[in-house]
Amino acid sequence: MKVFKFGGASVKDSASVKNAGSILAMYPNEKLCVVISAMGKTTNLLEKVTEAWVKQDVTVLELLSGIEKFHQGVSEELGGAGKLQIKQIMNEIRQQLQSAPPSLYDAAYDLIVSKGELLSTAIVSDYLNKNGVANQLLDARKVVITNESFRNARINWKETTSRITAAFDDANPDQEALITITQGFIGSSVSGQPVTLGREGSDFSAAVFAFALDATQMVIWKDVAGVFNADPRYFSDVVKLEHISYRDAIELAYFGASVIHPKTIQPLQNKNIPLYVKPFNDPASAGTLINHFTDSKSQIPSFIVKPGQVLVSVSPKDFSFVAEDGLHTIFGLLSHMGIRINLMQNSAISFSFCIDDHPEKMKRLFTALSGDFTVKYNRGLELLTIRYYNKKIIDKLVDKRAVLLEQRSRLTVQLVVEEK
Ligand code: ADP
Ligand code: ASP
Ligand code: MG
């Protein structure tokens, strides 16, 4: 069994769906689990629908009809693929929008935003069935079971593994075709509430299926030739990495290389399942292989530039040390408010950390800290992370800017500088 993942860019229009079909046709007689994201920018648009619903804004139906027209257009260009299902899903959303949103914003979000993947998979599955690529559609909400942390749901591994295994069992009468299409990013809680796994979470969904199915390999089909040593959208002199270790992949993803969702690697590493990142416009090419790999010679410096950073410095008002209890308070607040630290450092009487610039969250955090601590912060910063660093690459990226904070380990250096 192989697990494939097609992201938003690989199913963004009718030509892309046809291309995905031709990739699947290259694997006849193979059992495939194909995990698909919402088409193009659908998730962003559904987020806007949710916002309008919660605010009871009149634009909500207009926004929705834009999404409907887009999917109908793709469907028409594919000979009416998924037409009936689009209608049905749209009716469900309209019905939902007529009732008052749940008081919890994140639950409202998951009710609406989870529909994007249902639309894309309905179209792709029907198109493929009508064009010689037989498949069955599996509703991920029936097998990917989570807690109720809406928008960031955590997998219940035991339940999910047992449901996925049963769904793919050869004895299951629904398993007629070798190919199963399912949704990335979505699942449901034990009590049946729809949930999402966090933005860009389809890579992780695919890894969950790969883990449960003991897949022989997983392939993520992308709009790039593989994993590069930096984002090729922003840097021209980049090199493709032929082969990297799980460890390097997880470090790069964790520090913000958006080519792979950071949670993807762990389930694959646990079962030693190789991950290939391959280009959907050149499917026969090698792409990048990620697995257990320890070749110290191939340590090409890789870097990630994270703009929109804020450096926060917190000191106890009474000039006491920032000891375990102070850190406990600070970390408790950060965790409770869902704020992730991208870099941290402490001295005797101050604790500094770098976070993404979310004005609302920062306001709440600073208010909560202001009782015991003096808070200072700098906005408009960039966080540079370089793995396998050397002086030349540091100088090039810093480009004569002042370094506000620096942290080095044996393999990775992180530097906070002002944005250009
Ligand atoms: P999808 O959601 O369609 O699966 P994404 O847009 O999430 O795809 O990921 C692909 C994008 O990741 C590329 O277009 C590229 O700009 C970006 N990217 C960021 N860092 C890297 C990197 N180190 N190597 C390759 N691509 C990268
Ligand atoms: N459709 C979701 C998103 O855009 C999940 C994904 O694409 O991975 O975030
Ligand atoms: Mg993505």
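Quick caveat, the model's predicted, so the values are computed rather than measured.
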Counting only N and O atoms by type, is there a donor-acceptor contact under 3.5 Å from the side chain of Asn19 to the main-chain atoms of Asn281? no

CA sep, side-chain torsions, deciding dist, call: Tyr388, Asn229, side chain to side chain donor-acceptor pair (under 3.5 Å): CA-CA 10 Å; Tyr388 302 128; Asn229 69 326; over 6 Å; no

Between Asn342 and Gln309: side-chain donor-acceptor atoms closer than 3.5 Å: yes

Side chains of Ser114 and Thr196: is there a donor and an acceptor less than 3.5 Å apart? no

Please determine, by modelled atom types, if Asn156 and Thr146 share a side-chain donor-acceptor pair under 3.5 angstrom. no

Trace of the side chain to side chain donor-acceptor pair (under 3.5 Å) decision for Gln136 with Thr180: CA-CA 5 Å; Gln136 54 263 326; Thr180 300; 3.0 Å; yes

Would you say Ser16's side chain and Val11's backbone share a donor-acceptor pair under 3.5 angstrom? no

Is it true that Arg233 and Asp223 have a side-chain N and a carboxylate O under 4.0 angstrom from each other? no

May I ask you to test the Asn291-Leu275 pair for a side-chain heavy-atom distance under 4.5 Å? no

Spacing of OG belonging to Ser202 relative to NE2 belonging to His261, to within rounding of 0.5 Å: 9.5 Å

Pair listing, ring pair (Phe, Tyr, Trp, His ring centres under 6.0 Å) test, anchored in residues 337-379, at least two apart: Phe331-Phe351, Phe351-Phe353, Phe366-Tyr377

What residues form a side chain to side chain contact (heavy atoms under 4.5 Å, CB included) with Glu92, not counting sequence neighbours? Gln88, Lys115

Would you call the rings of Phe303 and Phe235 parallel, tilted or perpendicular, taking 30° and 60° as the class edges? perpendicular

Evaluate the side chain to side chain donor-acceptor pair (under 3.5 Å) criterion for residues Tyr109 and Glu47: first the C-alpha distance (whole Å), next the side-chain angles of each, then the deciding distance (0.1 Å), finally the verdict. CA-CA 7 Å; Tyr109 179 104; Glu47 285 186 339; 2.5 Å; yes

Atom CD1 in Ile164, atom SG in Cys33: separation rounded to 0.5 Å? 7.5 Å

Name all residues meeting the side-chain hydrogen bond (donor to acceptor under 3.5 Å, both in side chains) criterion together with Lys87; count only those two or more places apart in sequence or in a different chain, and write none if there are none. none

Pairing residues for Glu77 by the salt bridge (charged side-chain N to carboxylate O under 4.0 Å, His left out) criterion, not counting sequence neighbours: none

Nearest heavy atoms of Asp110 and Arg151, plus distance in Å: OD2-N, 2.8 Å

Would you list the atom pairs, donor with acceptor, under 3.5 Å between side chains in residues 60-70 and any protein atom, with sequence neighbours excluded?
| unit_1 | atom_1 | unit_2 | atom_2 | d |
| --- | --- | --- | --- | --- |
| Ser65 | OG | Glu62 | O | 3.2 |
| Glu68 | OE1 | Arg94 | NH2 | 2.4 |

Separation of Ile393 CD1 from Ile300 CD1 (nearest 0.5 Å): 11.0 Å

Are Ser149 and Asn152 linked by a side-chain donor-acceptor pair shorter than 3.5 Å? no

Counting only heavy atoms not in Lys31, do more than 12 sit closer than 6.0 Å to its NZ atom? yes

For Val35 against Gln183, the heavy-atom pair lying closest together: CG1-C, 4.0 Å

Which heavy-atom pair separates Gln96 from Ile112 by the least distance, and what is that distance? CG-CD1, 4.0 Å

Nearest non-hydrogen partners of Ala253 and Pro262, listed with the distance: CB-CA, 3.7 Å

Find out whether Trp221 and Lys5 are in side-chain contact, i.e. whether some heavy atom of one side chain is under 4.5 Å from a heavy atom of the other. no

Salt bridge (charged side-chain N to carboxylate O under 4.0 Å, His left out) partners of Lys306, counting only residues at least two apart: Asp356

To check you understand the geometry: which heavy-atom pair defines the closest contact between Val227 and Thr288, and what is its length? N-OG1, 2.8 Å

Please step through side chain to side chain donor-acceptor pair (under 3.5 Å) for the pair Arg387 and Ser302, ending with a clear verdict. CA-CA 5 Å; Arg387 189 152 171 86; Ser302 295; over 6 Å; no

The criterion is side chain to side chain contact (heavy atoms under 4.5 Å, CB included); which residues satisfy it with Asp325, sequence neighbours excluded? Ala323

First locate atom CD1 of Ile36, then atom OG of Ser205, and finally report the distance between them rounded to the nearest 0.5 Å. 12.0 Å

Asp399/Arg401 salt bridge by N-O under 4.0 Å criterion: no

Check whether any side-chain heavy atom of Val17 lies under 4.5 Å from a side-chain heavy atom of Leu78, and answer yes or no. yes

Sorted by chain and residue number, the salt bridge (charged side-chain N to carboxylate O under 4.0 Å, His left out) partners of Glu200 (sequence neighbours excluded) come out as none

Taking the six-membered ring where the residue is Trp, are the ring centres of Tyr27 and Phe4 under 6.0 Å apart? yes

According to side-chain hydrogen bond (donor to acceptor under 3.5 Å, both in side chains), who are the partners of Ser191, at least two apart in sequence or on a separate chain? Glu148, Ser189

For Gln407, I'd like to know if atom CD has over 12 heavy atoms of other residues, nucleotides or ligands within 6.0 Å. yes

Restricting to non-hydrogen atoms, name the atom on Val259 and the atom on Asp203 that form the minimum distance, rounded to 0.1 Å. O-OD2, 3.8 Å

Might you work through the salt bridge (charged side-chain N to carboxylate O under 4.0 Å, His left out) test for Asp57 and Lys48, ending with a clear yes or no? CA-CA 11 Å; Asp57 191 306; Lys48 292 210 164 81; over 6 Å; no

Straight-line distance of Arg364 CZ to Met362 CE, nearest 0.5 Å: 12.5 Å

Taking atom CG of Leu383 and atom CD of Glu419, what is their separation to the nearest 0.5 Å? 11.0 Å

Is it true that a side-chain atom of Lys278 and a backbone atom of Ile220 form a donor plus acceptor pair closer than 3.5 Å? no

May I ask you to decide whether Lys271 forms a salt bridge with Asp214, counting only side-chain N to carboxylate O separations under 4.0 Å? yes

With ring pair (Phe, Tyr, Trp, His ring centres under 6.0 Å) as the rule and sequence neighbours excluded, what pairs involving residues 185-211 come up? Trp157-Phe211

Of all residues at least two apart in sequence or in a different chain, which pass the side-chain hydrogen bond (donor to acceptor under 3.5 Å, both in side chains) check with Asp318? Ser320

Sequence neighbours left out, what passes salt bridge (charged side-chain N to carboxylate O under 4.0 Å, His left out) with Lys391? Give chain and number order. Asp395

